[in-house]
2 protein chains.
Amino acid sequence: MDAKVKFNKFLINKGLRQTKQRDEIVNVFLRLERHLSTQELFDIVRKKDKDVGYATVARTLKLLAESGLCRVVDFGDGVQRFEHKYGHEHHDHLICSKCGKFVEIYSKKLEKLQEELVRKHGYTQEYHKLDIFGICPRCGKGKQVV
Amino acid sequence: MDAKVKFNKFLINKGLRQTKQRDEIVNVFLRLERHLSTQELFDIVRKKDKDVGYATVARTLKLLAESGLCRVVDFGDGVQRFEHKYGHEHHDHLICSKCGKFVEIYSKKLEKLQEELVRKHGYTQEYHKLDIFGICPRCGKGKQVV
DNA sequence: GACTTGATGATAACGAATATCAATATCAAA
DNA sequence: TTTGATATTGATATTCGTTATCATCAAGTC
Ligand SMILES: [Mn+2]
Ligand SMILES: [Mn+2]
Ligand SMILES: [Zn+2]
Ligand SMILES: [Zn+2]
């Protein structure tokens, strides 16, 4: 199902209304395959339409997360970012602590091991987040000898 | 090396001073094997000594982290917590999203797999955090049939 | 003991997330 | 199409944990 259709179904299902602002915000978000903060998305949307408020962007992102279209990414810098989720494979992040550049990582084996651990403790897994911090190849250049 | 000794060596090494307040705060922290927020530690220290300020507790916790005695734990609820690190094995967390109860988990295999992934991308690992959220046995009781 | 300068405590500033509220838009029903 | 109940909106206030400020105080050196 198309992401936009899924969102509109979510709205109807919740008794929420389809508005010009939500439409614009969702369209812009879906077009960008990036990790966006509320402020960043607000700035982008604002370029097209001066009549969209920050609060509405924040509220719409929350709805997008609820609807399963995006998920919150939190690298611990005090800013929530949002990334596409619907139609995207689960992944974790490997982040450079120098420049912030990150890559998305995935390992079937890793995921399986995690599930085992969870079961072993009698928990039922809902979701997880693995953030690995390190130095990227570019930032590590010429640092071989410490 | 004793944790307290390590901390004092850290202070000297940094040209920092050993004070009555730092002593008290570190003593209390080291005695408690828990995940503590600044506010929580402040409240506990305050019971013994009314003359310790919140800012000093916050600053001392930062020093404790710098010195390697503790590390920051962030479950994404907007509050930094601190846990013992020195003399403690690395571990990750499995957290109940209903009641907040958590267990500390560790898997050698999991850690190895992560290292492999990091290497594969040319990064140099510094640290990582894996938080798994789910429902604990107690909260999941009677919920087998959905 | 005096001096240099780091440390302290009270509180202000900060910043992102969230709440508030009067005005407005949606949309189902008439 | 018009109406009316109410969800939505934008501007802004509030919240709350973290961090900065600064006058006063104390640790450590001589
Ligand atoms: Mn991602
Ligand atoms: Mn722990
Ligand atoms: Zn880098
Ligand atoms: Zn629980």
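The structure presented is a predicted model; accordingly, all values stated were derived computationally and were not measured. In what follows, every chain begins at residue 1, and chains take the letters A, B, ... in the order their sequences are listed.
Applying the ring-ring contact (aromatic ring centres under 6.0 Å, His included) criterion to B/His121, with sequence neighbours excluded, gives no partner residue. Remark: A/Arg71 engages A/Glu83, A/Lys85, A/His90, A/His91, A/His93 in a side-chain contact (heavy atoms from CB on, under 4.5 Å) (not counting sequence neighbours). Evaluation of the side-chain contact (heavy atoms from CB on, under 4.5 Å) rule for A/Glu116 yields A/Leu113, A/Arg119 as partners, not counting sequence neighbours. Residues forming a salt bridge (charged side-chain N to carboxylate O under 4.0 Å, His left out) with A/Lys101 (at least two apart in sequence, or on another chain): none. Partners of B/Thr124 according to the side-chain hydrogen bond (donor to acceptor under 3.5 Å, both in side chains) rule, which considers only residues two or more places apart in sequence or in another chain, do not exist here. Taking B/Ser37 as the reference, B/Gln39, B/Glu40, B/Val79, B/Arg81 meet the side-chain contact (heavy atoms from CB on, under 4.5 Å) condition, with sequence neighbours excluded. Qualifying side-chain contact (heavy atoms from CB on, under 4.5 Å) partners for A/Thr56, counting only residues two or more places apart in sequence or in other chains: A/Gln21, A/Ile25, A/Arg59, A/Thr60.
We find that CG of B/Leu41 is positioned 12 Å from P of D/dT18, with the value rounded to whole Å.
At a threshold of 4.0 angstrom between heavy atoms, the contacts of A/Arg81 with the nucleic acid are absent. Here B/Gln80 lies in heavy-atom contact (under 4.0 Å) with sugar-phosphate atoms only.
Between B/Lys20 and B/Asp51, none of the side-chain N atoms (NZ, or NE/NH1/NH2) sits under 4.0 Å from a carboxylate O, so this pair counts as no salt bridge.
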Got a list of protein N/O to nucleotides 20-28 of chain D N/O distances below 3.5 Å?
from	atom 1	to	atom 2	distance (Å)
D/dA27	O3'	B/Gln18	O	3.3
D/dA27	N3	B/Arg17	NH1	3.2
D/dG28	OP1	B/Gln18	N	3.2

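Checking A/Asp77 against B/Gly15, the closest nucleotide of DNA chain C that is more toward the 5' end is the one next to B/Gly15.
Residues of residues 64-75 of chain A having a heavy atom closer than 4.0 Å to DNA chain D: none are found.
Screening residues 10-34 of chain B for ring-ring contact (aromatic ring centres under 6.0 Å, His included) gives B/Phe29-B/His84 as the qualifying pairs, with residues at least two apart or on separate chains.
Applying the 4.5 Å side-chain rule to ILVMFWY residues, one finds A/Val73, A/Phe75, A/Phe102, A/Phe133, B/Tyr127 in the same cluster as A/Ile95.
A nucleotide of DNA chain C counts as in contact with chain A when one of its atoms lies under 4.0 Å from a heavy atom; the first and last such, 5' to 3', are C/dA16 to C/dC27.
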